[in-house]
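Worksheet: one structure, shown below.
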Amino acid sequence: MHHQQLKPAEAASLPRHLLEAHVVALVRRCCPGLLALRAAHARLIRLRLPRLTAAFALSKLLASSSSSSCGAAPSYARNLFDQIPEPTAFCYNSLIRALSSAAGVAPAADTVLVYRRMLRAGSPLPNSFTLAFALKACSVVPALGEGRQLHSQAFRRGLEPSPYVQTGLLNLYAKCEEVALARTVFDGMVGDKNLAAWSAMIGGYSRVGMVNEALGLFREMQAADVNPDEVTMVSVISACAKAGALDLGRWVHAFIDRKGITVDLELSTALIDMYAKCGLIERAKGVFDAMAERDTKAWSAMIVGLAIHGLVEVALKLFSRMLELKVRPNNVTFIGVLSACAHSGLVNEGRRYWSTMQELGIKPSMENYGCMVDLFCRSSLLDEAYSFVTGMAIPPNSVIWRTLLVASKNSNRFDIVQSASKKLLELEPCNPENYVLLSNLYASNSQWDRVSYMRKKMKENNVNVVAGCSSIEINGYLHKFVVSDDSHPEIKEIRLLLREIADRVVRAGHKPWTAAVLHDVGEEEKEVALCEHSERHGSWLPALTGNATTMSIVGVYSTARQIFR
DNA sequence: ATAGGGTTAG
């Protein structure tokens, strides 16, 4: 009965519960996939089901089209919903669930509209499913305003105690980087906290870079006897990657193996990212090679990792392999490819990849444009860089203008300097970095009137230079340092050690750049030293990815540690 | 009657 075609005549004679069983089986069999769903839809129409069973069938189709395994189908879901004469809560909930897979900011706005429509209709009333799905839609955007409206709805309707609503709220705040709000929900959870809540909270801390909090909570979770799974571990590993905490990352990887946690696609990608960011590109490659299947993100993580290690040829070869295997690259993949070209001055190759990107129909992101500007600037093709910037399809951001400005400051292209600095101050009148950059630029040309003008403008805009900071992981704890901050309890020992390292670098006959960075030198020299460093090794240390002014003495220490390794 | 939280690359 379940596996054979049912004819309209037979359908008419079947009792309702058997018909419904048939509908359930039919819809279940065709999932996932929108096409199969449409075919099932057509067959159900041909059966000319009685009114109630037809509504039931439409509800089942709607629920199926809203599941994530079906692929994005919000418009189909709307279509189905509109055919249901008296939608139940189940129908509303499925429609809201389907909306969360739409692109852009639409899910949040549409969700609120559907929710309002439900309230206006007077019945059915929203239940915990409604809120859980609606909150999910707001989390994917993420949309804090809409989410807060839903929070107050949950409270007013007494649906707040539901663990699914709670996790939905917690996740919403975590996605919006409102960790304090997320923590309030987390702490207020009644009874035992479930795995999803722990994972969402750890993920929230990791997302905003509160690494110690993320790892601390991971320990608390184990103390509370909640067993982490592969989803939890993705956040934990990603926290290690953010911190550049290699020792900790290796320990966590060993933990994953010891506990027999499945290293799936996502966790492998997180591990690749972690090893690459922590400087162990070979281990990253090892994880990549061991993967059973690799999606765009996994390939991108590997290619970007190789690129930042300066392993340009390997990165580009891997990209060709990716194309051969018909994995579709996206703009992030091209960040890796283009930055690889920029790193080693492959201008023509970079241009070629840029057209490849166009041919593949990938719309360049700001970062992609940034890679090209960087590519031209590093090869001293200022004219090309400038005309590229002015011809961009989207308005260039401050990063682009800063790249151009730094590249042209030692040239005689005052027109570029002029226009770039003007744009920069328009776009970011409150970023101290720009004032430092421009002051230094004018000072080096002895344009003292302009230097003091900069100072005046800073005062006008109430801009204060904030100290850059850096961090290093030692024995599983992240130590933070701020430029010229001596408050670290072991600052004396740290300074002594740095001096020792500097001496050893010189004695070992290394280029003096390392020593230059280690001693208290001017920003300009640090910048030169960093450029040389990047060319030689790729900028694999997170501590060094900021500009020279945001680099603290301990950031340098970790560089030196890597060199001696 | 029918369904549900958390994760990944720049």
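Chain naming here is simple, since letters A, B, ... match the order of the sequence lines and numbering starts at 1 in each.
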Fill in: Check: A:T232 side chain, B:dG6 base, donor-acceptor under 3.5 Å
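Answer is yes: a donor-acceptor pair is held.
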
Which of the following nucleotides, [options], is nearest to the side chain of [X]?
X      : options              : result
A:E367 : B:dG5, B:dA9, B:dG10 : B:dG10
A:R207 : B:dG4, B:dG5, B:dT8  : B:dT8
A:N331 : B:dA3, B:dG10, B:dA1 : B:dG10
A:N194 : B:dG10, B:dG5, B:dG4 : B:dG5
A:S128 : B:dT7, B:dG4, B:dT2  : B:dG4
A:R97  : B:dT2, B:dT7, B:dG4  : B:dG4
A:V231 : B:dT7, B:dT2, B:dG10 : B:dT7
A:S59  : B:dT2, B:dG5, B:dA9  : B:dT2
A:D229 : B:dA9, B:dA1, B:dG6  : B:dG6
A:A196 : B:dG6, B:dA9, B:dG10 : B:dG6

Mark this stacking check for [X] against [N] as yes or no, applying ring centres under 5.5 Å and ring planes under 30°.
X      : N     : value
A:F129 : B:dG4 : yes
A:Y164 : B:dG5 : no
A:F56  : B:dA1 : yes

Over all strands shown, is [X] touching base, sugar-phosphate only, or nothing at heavy-atom distances under 4.0 angstrom?
X      : result
A:A63  : nothing
A:T88  : base
A:S238 : nothing
A:L170 : nothing
A:V304 : sugar-phosphate
A:D273 : sugar-phosphate

Practice prompt. Anything under 30° is parallel, anything over 60° is perpendicular, the rest tilted; go ahead and classify A:F388 against A:F376.
Written response: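 Correct class here is perpendicular.
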
Can you tell me if the side-chain N/O atoms of [X] get under 4.0 Å from OP1 or OP2 in [N]?
X      : N      : value
A:N171 : B:dG6  : yes
A:K297 : B:dT7  : no
A:N330 : B:dG10 : no
A:K193 : B:dG5  : no
A:K136 : B:dG6  : yes

Discussion item. Syn or anti for B:dG5, given that syn means the glycosidic angle lies within 90° of 0?
Written reply: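 Syn, since the glycosidic angle lies within 90° of 0.
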
Would you mind reading off the distance between [X] atom [atom1] and [N] atom [atom2], rounded to a whole angstrom?
X      : N      : atom1 : atom2 : answer
A:L267 : B:dG6  : CG    : P     : 18 Å
A:M221 : B:dT7  : CE    : C1'   : 12 Å
A:E293 : B:dA9  : CD    : P     : 17 Å
A:H309 : B:dG10 : NE2   : P     : 12 Å
A:E230 : B:dT8  : CD    : C1'   : 13 Å
A:K277 : B:dT8  : NZ    : P     : 11 Å
A:K242 : B:dT8  : NZ    : P     : 8 Å
A:R16  : B:dT2  : CZ    : P     : 13 Å

Worksheet item: Is it true that A:D273 and A:K297 make a salt bridge, defined as a side-chain N closer than 4.0 Å to a carboxylate O?
Response: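 No.
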
May I ask you to check whether [X] and [Y] place their ring centers less than 6.0 Å from one another?
X      : Y      : answer
A:F334 : A:F319 : yes
A:F90  : A:F129 : no
A:F186 : A:W198 : yes

Discussion item. Does either side chain, that of A:Q153 or that of A:Y115, offer a donor lying less than 3.5 Å from an acceptor on the other one?
Written reply: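 Yes.
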
Under 3.5 Å, which donor-acceptor pairs do the side chains of residues 132-147 of chain A form with other protein atoms, sequence neighbours left out?
{"from": "A:S139", "atom 1": "OG", "to": "A:L135", "atom 2": "O", "distance (Å)": "2.7"}

Discussion item. Under the criterion side-chain contact (heavy atoms from CB on, under 4.5 Å), I'd like the reasoning laid out for A:S339 against A:D374: C-alpha separation, chi angles, the key distance, then a yes or no.
Written reply: CA-CA 8 Å; A:S339 73; A:D374 194 34; over 6 Å; no

